[in-house]
Amino acid sequence: LRQRALSELATREGKEALNEWRVQFLGKKGELTAILRGMGQLSPEERPVIGQFVNEVRSQLEEAFAEKENLVKKEERERKLREQAVDVTLPGRKLPFGHEHPLMRTIREMEDIFIGLGFEIAEGPVVELDYYNFEALNLPKNHPARDMQDTFYVTDEILLRTHTSPVQVRTMEKKKGDVPLRIVCPGRVFRRDDDDATHSHEFTQLEGLVVDRNIRMSDLKGILLAFAKQMFGQDREIRLRPSYFPFTEPSAEVDLSCGSCGGSGCRVCKHTGWIEILGAGMVHPRVLEMAGYDPEIYRGFAFGMGIERIAMMKYGVDDIRQFYVNDVRFIHQFKTWS
Ligand code: FA5
């Protein structure tokens, strides 16, 4: 029996086969137990001899079993390790990284320049009250200049802001007459304009406002020139043309000299050598007064530029809609890494 058991044990592979072997030879109903049970038929002299012999065989088999069991377990472990092994030499899978949208990048560049010029960043709501968007900017109901900005109304008193100028008023109210006040505010605005290559019904503006004693038009020009040169290059110039906004007096439209043709005339600037980039002016005394600043003591200048138009000029984009259709072939050209 011992011979048979041991040689069979050697042929068993795997946990289950091993277990079957244990049941067959060492189990309660196994062959060794059967021999022990049959001992009753032996003579009293034979019993201890045979009994001892059977126990010896049992412990030999148990030992052999434990050894084999260890071996099987070890093999199993090694097999698992082999199966789960990671090949560290395999090349990694490339994860597609995102990056800034060209508009966000332009906003950040503009903010950086104005922060360098001593401005702080301000924000205001996109869904705005008629009061801040129009009335507090010297545009009472029925004022003809309201037609300049075709408005998306939510209710009679609530609208989608048509420009970032309401943030001027909100900031002045918050500052409660404190000076100096120097802020820029980038943000989304909405107008019922028909979309074309240079107009979008949703676009972004960057508003600027400075309030202090002794602020003059030349301060406005100086700041805008410094901005234009940092944003577009030292060779660029600006020019102010008289204009009209109800919330500034005097008002100006500001042109940037054309970089593509160097001023000699091309398609980008429609052969004029200049491109309009923003509206600006000295803050109207009534606007200062309504927001809590005494116009006898304080003066301010303000400007509002279309960020898409700035981005189009800086990066040579010929259609404003490119910023909104989210074609990745366009957007990926603005990756700052490779
Ligand atoms: C204004 O919105 C004034 N709030 C600007 C201002 C601020 C004047 C502070 C004085 C003091 P205007 O409507 O001109 O002005 O718009 C300013 C700029 O926004 C334009 O020069 C242009 O660059 C951009 N813009 C206007 N309409 C659109 C449009 N539909 N799509 C894209 N850009 C536009």
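We count ligands from 1, going down the list as the structure has it; atoms in each ligand are counted the same way. These numbers come from a predicted model, not from an experiment.
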### Query
Parallel under 30°, tilted from 30 to 60°, perpendicular over 60°: which one fits the rings of Phe323 and His101?
tilted

### Task
Mark up the atoms of ligand 1 that fall under 4.0 Å of a heavy atom belonging to Ala302, in ascending order.
9 (C), 11 (C)

## Note on the structure
In ligand 1, the atoms that come under 4.0 Å of a heavy atom of Thr198 are 31 (N), 32 (C)

### Task
Give the contacting part of Phe247 toward ligand 1: side chain, backbone, both or neither, where contact means a heavy-atom distance below 4.0 Å.
side chain

### Summary
dist Ile275:CD1 -> Cys266:SG (nearest 0.5 Å) comes out at 7.0 Å

### Message
So for ligand 1, is Thr248 a polar contact partner (N or O within less than 3.5 Å, distance only)?
### Response
no

### Query
Heavy atoms only: which of Ala280, Gly300, Gly304 is nearest to atom 10 (C) of ligand 1?
Ala280

### For Gln205, the ligand 1 atoms whose distance to one of its heavy atoms is below 4.0 Å
1 (C), 2 (O), 16 (O), 17 (C), 18 (C), 19 (O)

### Query
N/O of Glu308 under 3.5 Å from N/O of ligand 1, yes or no?
no

### Query
Could Arg161 and Tyr132 be counted as a cation-pi pair, given that NZ or CZ must be under 6.0 Å from the ring centre and within 45° of the axis?
no

### Message
Distance under 4.0 Å to a non-hydrogen atom of Glu276: what atoms of ligand 1 satisfy this?
### Response
21 (O)

### Query
What part of His163, side chain from CB on, backbone N/CA/C/O, both or neither, has a heavy atom under 4.0 Å from ligand 1?
side chain

### Query
Should the ring pair Tyr153 and Phe134 be called parallel, tilted or perpendicular, given that the plane angle runs from 0 to 90° and is split at 30 and 60?
tilted

#### Entry: Option nearest atom 9 (C) of ligand 1 (shortest heavy-atom distance, choices Arg192, His201, Glu207)
Glu207

### Value rounded to 0.5 Å, distance of CG in Leu160 from CD in Glu128
10.5 Å

### Summary
Note: ligand 1 atoms sitting under 4.0 Å from heavy atoms of Ile277 are 21 (O), 23 (O)

### Summary
Numbered in order shown, the ligand 1 atoms found under 4.0 Å of a heavy atom of Leu278 are 21 (O)

### Lys141 bridged to Glu135 by N-O distance under 4.0 Å
yes

### Query
Counting each atom of ligand 1 from 1 as listed, which ones have a heavy atom of Arg191 under 4.0 Å away?
1 (C), 2 (O), 12 (P), 13 (O), 16 (O), 26 (C), 27 (N)

### Message
Are more than 12 heavy atoms, taken from residues, nucleotides or ligands other than Met104, located less than 6.0 Å from that residue's CE atom?
### Response
no

### Task
Can you run down the ring-ring contact (aromatic ring centres under 6.0 Å, His included) pairs that involve residues 45-93, sequence neighbours left out, and say none if there aren't any?
Trp21-Phe65

### Query
So, is Thr162 polar-close to ligand 1, with some N/O to N/O distance under 3.5 Å?
no

### Message
Show me which atoms of ligand 1 lie under 4.0 Å from any heavy atom of Gln168.
### Response
9 (C)

## Note on the structure
The residue among Ile183, Thr164, Val169, Val167 that forms side-chain contact (heavy atoms from CB on, under 4.5 Å) with Leu209 is Ile183

#### Entry: Phe301 near ligand 1 by a heavy-atom separation under 4.0 Å
no

### Query
For the ring pair His163 and Phe247, is the centre-to-centre distance below 6.0 Å?
yes

